[in-house]
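Take a look at the structure set out below.
Sequence positions, counted from 1, serve as the residue numbers for this chain. Hydrogens, waters and symmetry mates play no part in the numbers below; they use all other heavy atoms, side chains included.
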Amino acid sequence: MPTVRFLDAPALPQYAHGPSDPSGAARPAPPLRGGRTGFRQVLAGPVLARRPAGDLGGADFDPGSVEGWLVVDDLPDLDTAAARALAGRIDTLHPAVRVILLSRAPWPGRLPAGSAALDAHDLALPEPEVVQLLSADYGVDDPDLAAGVHRLTAGWPSLVHLAGRHLRGGDLASLCAPGAALDAFVAEHVLAHLPVASRRLLRRLAELGTACEDLVGRRDHRTLRVLAQTGLVVPAQAPPGAYGTAPMPHWLRPVPAIAAVIGRRDPLSEPMRRRLHADAADWYTERRVWGQAARSRSLAADPAGTLALLREHGSAIVAAGGAELVVEACAGLAATDGDLGLLRGEALAVTGRLDEALAELTPLVAGRSTVEPGLAWRLGMVYYARAEHRAAFEALGRGRIDRADTADEALLLSWTATAHWSVGDDDACRQYACRALAAASAAGDGRALAAAHVALALRAALAGDRAGNVEQYTKALGHAEAARDAVQAARIRANLVSQLLEEARYPEALAESAEAVAAAEAAGNGTALHVALVNRAEALARLGRLGEAERCGERALAISQRAGSGKAAYALTVLGDVRACRGQRSMARAAYEEAVRAAGADGVRQCFVPALSGLARLVAVDDPPAARVHAEKAVSLASGPLATRALLAVGWVAVAAGDRAAATDAADRAEHSARLHRDRAGLAEALELRAGTTERPSAQRIALVEAARTWRTTGARLDADRVAYQLGLLPGASAEERLAARVARGALEAAGVVVAPAGLAARAPHLAIRVLGRFEVIVNEVPVPASAWRSRKARDLLRILVARRGRRVAREELAALLWPDDDDDLRIAHRLSVALSTLRSVLDPDRHFPADHYVFAAPAALAADTAHLDIDLDAFLGEAEVGHRLHEQRRPAEAREVLAAAERRYSGDVFEDEPYDDWAVPVREEARATYLRVTRLLATLAAERGATDEAVGYLLKILARDPYDESCHLDVTDLLELAGRHGEAMRARARYEAAMRELGRPTAAAG
């Protein structure tokens, strides 16, 4: 259901409405009551009065009964007189009342004062809300599936709900099938009410797919606008093959689900269909949109016209993004027409159907030692896309270069340069790229010039010349756009994202990757789409969005595997990186090893080196000899910016092996390489490696502080959190650094990252103390058994010191708490010394540290050194404090993440398993109150963004700990009522009334 925001009332929650919604309209999340953090009171009195349109015209309608906001939903298409009459009724309302009018039809005439009219475009759900709705209401958690629903429904609320119900037992392909609920709904509630002219035009648009006012004809302009205003027709991208058309018309398309239904229920007759496409072919031909012209000729059953267009403009159609159109048009022509083999092979290669492209092109070179340059570069391009570089060189080498002044010769030279780049041959890449530019300039061909500048950009990247790389790509993009070469433009945009990633400009890379993916999809360029998706996955991973990164990488992998391309190694490597970050070691190793096999089979160094480096770091602890072999091989093959990653792998393998000298040398070389190539991410990792090679805390701090600063500037959140965590573990870390480390650890765990200390200096035992719920001491993930304590008093001593959270506790006070019935001071002093000695032996049985490392002892007092202890209570209170501070700073997403980590950490009250010690009461009450504040704020944040189930879940957790919280009971009831879950609301109300009866208090009136 769509979201309506009231711009003049920023404190209002989101209102949702779905006209003709078969599941019923949703209601706003109510304001939450109480709490010291200032929950927003959005309205006084009734939150919302809802009326169907007809009620406002009834004699029994009392305007004085309405307070606050009035939403009039599901308005029909009104004429001016009816709108004027309704406006008159609205004018009788109190001036303080604000009115929202909801209708798919535009509002005619004057709007009443203080009111707003929302039409089909306001009601349509954007894709993120479709994803949220399908997940929350129907359990559809696949974002790609939700995106498919959005594409089919264009965000129509009713259709989205129908799709959600259908997907509980069906698939997306059958959503619009005959007999499906959506099919019946569209027929009964949409098509049956359309005027004849609108229905007739919608049938034609369903056949055309994409159109504009000029294409449908002047006579239907007004009808088209009405269809657009009512949401039956929505804005669309330019059709395939129309890249660069100027001036670009305003393209429209019918909602795909509605088009599918009307196209099946009310199809055009065959003569009408052919005439429609013949007219469209003429229109496209006049505007030089050759791909759509060829498609329309084919659909109009005009093979001669189709063949003529393909022969004259076929390669231009492919370049303009019409490769799939060419494949379809060729399929409808005589198979014996040999003129189309070259064109069909090129089109198949661009769409990623590489096996079919080879089957089309290979017979054309059979038995020939040399071939035309146009055939050679196309065949070489196919082998390059498959990452079969030996075959690519052989195919490209057959091409004849007679004059070096034609477009095909320039393209042959450009693809030869590209193949040399892929195997890391700098000299050959530079030589062929320069020759390609000379030939393209002599030919004066825009496509050839774009390809030549791409080759020069790749050569600049190989040499580490980032400025030259950007300059050449900028020139290439200009030539591609001027030549209407969408295929080359998509390739350039994907490669530009690679450059941003290499410079660690991750937020920019993520934004640009979305455009690169869209450009590749529009151009039908399968190879560019794979590259764009891999780049997007890397940007997402660096920015901490690991789930999205994995889905993106899997999509890229599926594309490359369907194409039979060895470039699947790129997707496999980024998947290995993501899974290694999540601690999925077996899955990560499988991905890296498969990437190494795929890339190593034909020497794809651009991916072989990263895959080997990732594999080496992953197995460094489990299989040091194999890790060393992988890392050294990566270094031997690496050149340019790749050297940094390989050297880092060597360094971390040396760290795991305890070889400090080798690790230090690798850190020095990696840092030099990173600075040389302006690689900020590589520099930050080299600094982390340097910190891992020394035992001096001051040197570690210097390196880690600089690494943290560098990571923060790149936007790499998880990397910054990892370093913040390491800083907090250093001896002498400040209280602020320790708190930041706890928060960072929580954020890393929430993102699914496995947290582990790194470096040669991080081999000391990890000591964790758990006091939330059951009291436990855990050394290196293993709980200390009760038998290890030997003394209950030593255990109680630790509990008291932890409860004081690092504050000193006088020996006299400890004596009174531990031995309240003993008055012998000497005996008590001896007992306390024995308990302290026992405690220290339990915490550090192998004596890794000085005696005061965990528990500080002065003549008059003792204290736990919280800098060296991982105490869940301290982490919880620190996360709660940071979360509330983020909320006060109006950073809700970050606040929600930190607060959710705190809530998950609270597994029970402090020392819940031993609840009778009076000295534990203050800290227990402090933690409990903090938990309730955290959970209430989480409920508020969830309610504000319309996540009803999440908000109710948090409120129920509060009630589980405080069953007499009246405001919490009322909030649960209101949320469930406004979500239309009346049975649950009734049961919640009953629980509330029972709790108040126990207290002898009256209950609030039902809202």
Side-chain angles (χ1 to χ4, degrees), residues 237-238 240-248 288-291 313 315-323 350 377 381 404-415 417-418 421 429-430 432-463 465-503 505 508-509 511-525 527-529 531-532 535:
Q237 298 292 328
Y243 181 79
T245 303
M248 183 67 74
R288 304 170 64 84
V289 185
W290 308 118
H313 304 291
S315 196
I317 293 172
V318 173
V350 168
W377 74 255
M381 176 185 70
D405 61 357
T406 66
D408 277 337
E409 288 173 315
L411 287 164
L412 173 59
L413 291 166
S414 295
W415 281 108
T418 299
W421 163 81
C429 179
R430 176 182 53 79
Y432 279 102
C434 291
R435 290 177 62 191
L437 180 61
S441 300
D445 183 85
R447 290 180 63 198
L449 283 165
H453 283 290
V454 168
L456 287 167
L458 293 173
R459 191 270 155 182
L462 199 58
D465 180 4
R466 296 198 184 279
N469 179 262
V470 173
E471 178 187 2
Q472 293 299 332
Y473 273 135
T474 302
K475 291 179 179 179
L477 188 57
H479 286 299
E481 290 178 339
R484 294 183 57 191
D485 189 347
V487 172
Q488 196 72 255
R491 179 188 179 199
I492 294 164
R493 292 184 190 281
N495 288 355
L496 281 169
V497 178
S498 300
Q499 192 264 343
L500 291 172
L501 289 170
E502 289 168 4
E503 293 185 0
R505 294 158 61 184
E508 293 174 68
E512 293 295 326
S513 71
E515 294 187 16
V517 168
E521 288 174 334
N525 188 339
T527 301
L529 179 58
V531 174
N535 288 339

Looking at residues at least two apart in the chain, or sitting in another chain, which of them share a salt bridge (Lys or Arg N to Asp or Glu O under 4.0 Å) with R435? none
Those residues at least two apart in sequence (or on a different chain) that pass salt bridge (Lys or Arg N to Asp or Glu O under 4.0 Å) with R484 are none
To the nearest 0.5 Å, what is the distance between [atom1] on [X] and [atom2] on [Y]?
X: L411; Y: M381; atom1: CG; atom2: CE; answer: 9.5 Å
X: W377; Y: E409; atom1: CH2; atom2: CD; answer: 13.5 Å
X: R493; Y: E512; atom1: CZ; atom2: CD; answer: 8.0 Å
X: L437; Y: S414; atom1: CG; atom2: OG; answer: 8.5 Å
X: N469; Y: E502; atom1: CG; atom2: CD; answer: 7.0 Å
X: E508; Y: L501; atom1: CD; atom2: CG; answer: 10.5 Å

With side-chain contact (heavy atoms from CB on, under 4.5 Å) as the test, would you mind laying out the steps for L477 and Y473 before giving the verdict? CA-CA 6 Å; L477 188 57; Y473 273 135; over 6 Å; no
Tell me the closest heavy-atom pair linking [X] and [Y], and the distance in Å.
X: C429; Y: R459; value: SG-CB, 3.6 Å
X: A455; Y: A417; value: CB-CB, 3.9 Å
X: V497; Y: A509; value: CG1-O, 3.7 Å
X: A523; Y: V350; value: O-CG1, 4.4 Å
X: G321; Y: P240; value: O-CB, 3.8 Å
X: A460; Y: G468; value: CB-C, 3.8 Å

With a 3.5 Å distance limit and no angle check, can you tell me whether N535 reaches the backbone of A494 through a side-chain donor-acceptor pair? yes
Please determine whether the number of non-hydrogen atoms from other residues, nucleotides or ligands lying under 6.0 Å from atom CZ of R288 exceeds 12.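 Counting neighbours around CZ of R288, 12 or fewer heavy atoms of other residues, nucleotides or ligands fall under 6.0 Å, so no.
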Give me the one residue out of Q488, Q472, K475 that meets side chain to side chain donor-acceptor pair (under 3.5 Å) with H453.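 Answer after filtering Q488, Q472, K475: Q472.
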Write out all pairs satisfying salt bridge (charged side-chain N to carboxylate O under 4.0 Å, His left out) with one or both partners inside residues 438-450, taking only residues at least two apart or from two chains.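 Listed once each, the pairs are E346-R447, R447-D485.
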Working note: T527 + R491, criterion side-chain contact (heavy atoms from CB on, under 4.5 Å); need CA distance, chi angles, decisive distance, verdict. CA-CA 8 Å; T527 301; R491 179 188 179 199; over 6 Å; no
